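Values in this document were obtained by computation on a predicted structure and should not be read as measured data.
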Amino acid sequence: MVLSMTRLLCLFALITVVWTLCLPTEVAIGSGECKSTCPTDKAIYKQTCISTCPPHTRRLDTDLARYCIIDNEFNCLRRSCGDNFPFCYQANCVKACPEYTVTYNDTCILKCPTEAPYVTADQCTGLCLTGRKVCSLQCPEAHPFVFRSESFNFCLKTCPDFTEESYTQLTCSTKCPQSTPYLFNKTCQNICPDTHMLVLSKVSKYNIIPMCMHSCSDETVVDGNVCVEFCPSGKHLFNRTCVENCPKSHPHLYPRNQYIINHDTKHFGRAAFICVESCFNLDVDIPWIQRLYGWGNYATRLYKNVCMDECPATTKFDYNGICVKICPSNESFLQPTSGPTIKCVKKCSYIHYNKTCMNYCPSYAPYKMNKTCYKACPDGYPFLQRNTMDYTCVDICKTFYYDNKCVSECPKEAKYQHNITCVSKCDGDLPFSDSSVSKDRNWPYKKHFKNICVESCPNLETLDKDCVDSCPKEEKYILNSTCVPICYGNLPYALKQTTSEKKYPYKEHIQYICKQSCPLNTLIHNETNCVENCPTDANFIFDSICVNECPITNPINYTKNIEGHGIYQCVESCPKKTFFYNETCFDKCPENLKTHIHTCTEKCPNSHPYTHIQLIQKELPMIGSINKCLKACPVETVINEYFCDKLCPTDKSYLEQNRCVNVCRNANAVIEITNQGKKCYDRCPNHLFLMDGSCVGKCPDNRLIVGSSCKDIEKCPYHTYLEHSEIGKRCTNKCSVKFYLNGLDCELDCPPQKVIAGINCLDQCPSSSPLRHKDFSPKLRIHCYGTCPSDYVANGTECIESSQCQVENHFTYRNRCYEKCPLLTIEYGYKSCVSMNIYITFFIICILFIIIPLTLIYIATCFTGLSSRKREDPDTFDQVQQAYKEDQESNTTPLISFENREVESKQPEHLGSITIRSDIEDIMTELDDGYTVLVDKNARVKYEPVDKETHVKSDKDRKHANVSNETKDVQVEVLYT
């Protein structure tokens, strides 16, 4: 274990070292960052930048870097590096030498050897210290000029601008001779030309040399014809030129104070004083100052022609920017500043005392009024309004006052507000004190307490005349509206009331109300307390009184479980629908006991051996249970040993006579898989089908129902039709009720493109039912009728609504639509025709009522006998009636289509309506497949196989029916109109 930990630590250290190492051509700065070389004030030691070389090294300073050398550090092995890394540096092959080295014979070294003293940097034209630098025996033609420093002989294309360039010697000299001291265009001159009259001392790393310039640089100013960094003593700066006296346009001297030094970012202020036009308008005279966050402490006061930060002590008053000994009368108020200077002003911004401006009144004159400080308030202003640091004299307080001082809140020693006066106690016309607490608008965590003297309390009052929302503990009882220590008088009983806040329902408030008597549904405890539930020390209820034990007259404890707590009532005997156990009545037996009739028992008796556990709902989310002893388990349960369960356990998953067993008794039993378990049958019940040794309630789509079996066949063996039902595809010789015959398929609904004629799905209506009726409930279907349904009339072969016929100004008569009423009919009501037979009959009856009496009168008075001459018989009544029928039939032609008015083909002279009367028993009974179709009260179809005896008897009846040629299936009766 220790060895493995050591290996892990070593591996971690190795990873850390590899991660922190720089490339061989780089150096590490103190922060761990890798750079190409160290800063100029640091030395390179083992690829690290350090301040001081170690003692065992020697320091080497070159133009490229400072290095701490160890002997033989730069010796490379005598082997060649590859093309990708051609250079050798400290025994490493690198792609390019470090910035601080030079190259000789593909080796990176710090200085060129004596046999190759010249170094050439071929990546730049001038003096270059970066890039590739190669040592050679002499300078190449492309870099002919030699520039000598203390460590290198540089070969350059051209000399630097701070050296004299010699074409004869091909050298770059850093000094000019005394006879020609000025450098101009890399040539030493004895005097500067007229175009470059100014002399600037050029400072470089290698020399300081005077150069002829056309203008001074930004870092210098002009003093005569010399560019200097700072004007000499006695001279001032004006327009970047050193002058002895400032011009009249800029007569004032602005000192080069600390403010100028701090804000002169470009170092233009190169003189002790600067000539300015005004001490204020510095943006014009000194535009090169970078203003940061305002001017700050700058010189704006003029004293003896010099701009100053502060006036001298002898002239300390500032009058319009000029230091004076005393302020004039027109600006006589004195405004102190942050320094010793005092400003003269016409009036003070805030307040003043003895003409000295102040931000607040001093302690010796703390009272303020009209911007003036007083030692005492003047007459007529007796009250003091407190400010942050002083008081204001006022004639009246806006809030309250105490001890002649205005206060926003009354102090503790006088916390009660009597109108606008703070008092220590409420009395007189406002004897009660009402207290309230409010939050500060600006500081919500700060509370304001308000105690107001009132005439009467809005809610409750104590004996000490304090208004309260709830009574204190020592006076917790409410007698009328007064808090008292105990209820007395005509209100001797105390009722506990608990209420909750609407906003915070979990916060409860308890009150004890004094009552004349305890209310209904409450109990008396300790003779005077009205309680909803008895306490534990007197938890029995007798005659609405809480007692610690039941009396002899009512010895039995009746325990009620209501809303999660028990009520113990003393009774003489157990009430109905309760359970008795151990001298106690229960609404529900305890959970460890079982219920048997009206008792609680630990074990069910032999007469009721089964235990049924019923769940009951308690307070959410609690669920309770009742263990009942039963003679037999309920129908919806199974028997698991002596318990009535909803389903069998996994170790007894089979059901035999509604009892959970391990396996079926019959080894060849068929199984029905239910939610309660696997039911065992010798053969499948009538409502199930046999499929692969199991009983199923529905056959899959890839099988057909033949008799009481689900068979894996493609078509019915000896049945005519295939019925598509909810239980599967059933082979049958007759469709069940609620099914339609569509070809050879019995379906619950006809296809939408077909019409319905009785129980058949047809392509078009038959001649026996030629009328088409569109039924839109629940979806569009076309039914064929012999006579249109109620509220519909025939228009050709279509059944239309009666209102539609009437809208077209046509007439309805006997469920048909006519252009006009037929013969022997008249218009009756709105667009309807009625037969005239009733009117003709009535007319005949009236005639008979007239003729018969006249005939009787004639016979009685004038009849003398029959004449002997032969009478001619008139037309018979049958002939008249036949003629009437012919006229009537000639007017029964139905109306032709409304819209095109074209003549449609006439219907048969006698259109009949077909009435289908089916024998329900024959339809419900299967012809020859042993399967019965039943319809329950909810119009749901059920299929049940018939018993073998019933099936045989049915076959005999069927044969007998065939012998007698009786047709019971469909009777058709044609009623002619």
Side-chain angles (χ1 to χ4, degrees), residues 459-460 462-463 468-502 505-593 595 598-600 616-620 622 624 626:
N459 192 5
L460 301 173
T462 64
L463 295 178
V468 292
D469 291 330
S470 59
C471 291
K473 291 183 179 180
E474 59 275 8
E475 299 175 1
K476 65 179 182 178
Y477 299 100
I478 302 174
L479 182 64
N480 294 328
S481 297
T482 305
C483 299
V484 293
I486 189 172
C487 293
Y488 58 88
N490 60 346
L491 302 173
Y493 295 97
L495 175 64
K496 179 182 177 181
Q497 289 184 348
T498 303
T499 58
S500 301
E501 294 185 8
K502 291 183 178 179
Y506 57 88
K507 289 186 177 181
E508 293 184 346
H509 298 282
I510 300 175
Q511 290 183 334
Y512 297 89
I513 311 298
C514 295
K515 295 285 186 179
Q516 187 175 3
S517 61
C518 288
L520 294 175
N521 300 325
T522 60
L523 306 170
I524 300 175
H525 177 241
N526 287 342
E527 296 183 355
T528 58
N529 292 333
C530 303
V531 295
E532 293 181 357
N533 302 301
C534 290
T536 55
D537 57 345
N539 57 348
F540 295 101
I541 303 172
F542 174 67
D543 197 15
S544 299
I545 300 174
C546 298
V547 294
N548 55 3
E549 63 179 356
C550 290
I552 299 176
T553 57
N554 294 61
I556 300 177
N557 172 17
Y558 175 28
T559 300
K560 297 181 180 179
N561 295 320
I562 299 177
E563 297 181 356
H565 64 274
I567 295 179
Y568 310 98
Q569 190 171 358
C570 299
V571 295
E572 186 177 357
S573 61
C574 288
K576 292 182 179 180
K577 297 183 180 180
T578 60
F579 303 93
F580 182 76
Y581 178 76
N582 197 17
E583 301 299 325
T584 305
C585 304
F586 295 97
D587 290 331
K588 170 185 162 305
C589 289
E591 292 185 359
N592 59 333
L593 299 178
T595 302
H598 296 296
T599 61
C600 300
I616 59 173
Q617 188 70 47
K618 290 185 175 182
E619 292 182 1
L620 293 176
M622 297 290 292
I626 298 177

Under 6.0 Å from the [atom1] atom of [X], do we count more than 12 heavy atoms belonging to anything else shown?
X	atom1	answer
His509	NE2	yes
Asn548	CG	yes
Asn592	CG	yes
Ile510	CD1	yes
Phe580	CZ	yes
Glu532	CD	no

Residue pair [X] / [Y]: nearest heavy atoms and the distance that separates them:
X	Y	value
Val468	Asn459	O-CB, 3.8 Å
Ile556	Glu572	CD1-O, 3.4 Å
Phe586	Tyr581	CE1-O, 3.9 Å
Pro492	Gln516	CD-O, 3.9 Å

Student check: side-chain heavy atoms of [X] and [Y] closer than 4.5 Å:
X	Y	answer
Glu475	Val484	no
Leu495	Pro519	yes
Phe579	Thr599	no
Asn480	Leu491	yes
Glu474	Thr462	no

So, Tyr477 versus Tyr512, ring centres under 6.0 angstrom or not? yes
Check the pair Cys487, Thr528 against side-chain contact (heavy atoms from CB on, under 4.5 Å), reporting the backbone distance first and the verdict last. CA-CA 8 Å; Cys487 293; Thr528 58; over 6 Å; no
Run the side-chain contact (heavy atoms from CB on, under 4.5 Å) check on Ile567 and Tyr558 step by step: do they pass? CA-CA 8 Å; Ile567 295 179; Tyr558 175 28; over 6 Å; no
Quick one: does Thr584's side chain have a donor or acceptor within less than 3.5 Å of a partner on Asn582's backbone? yes
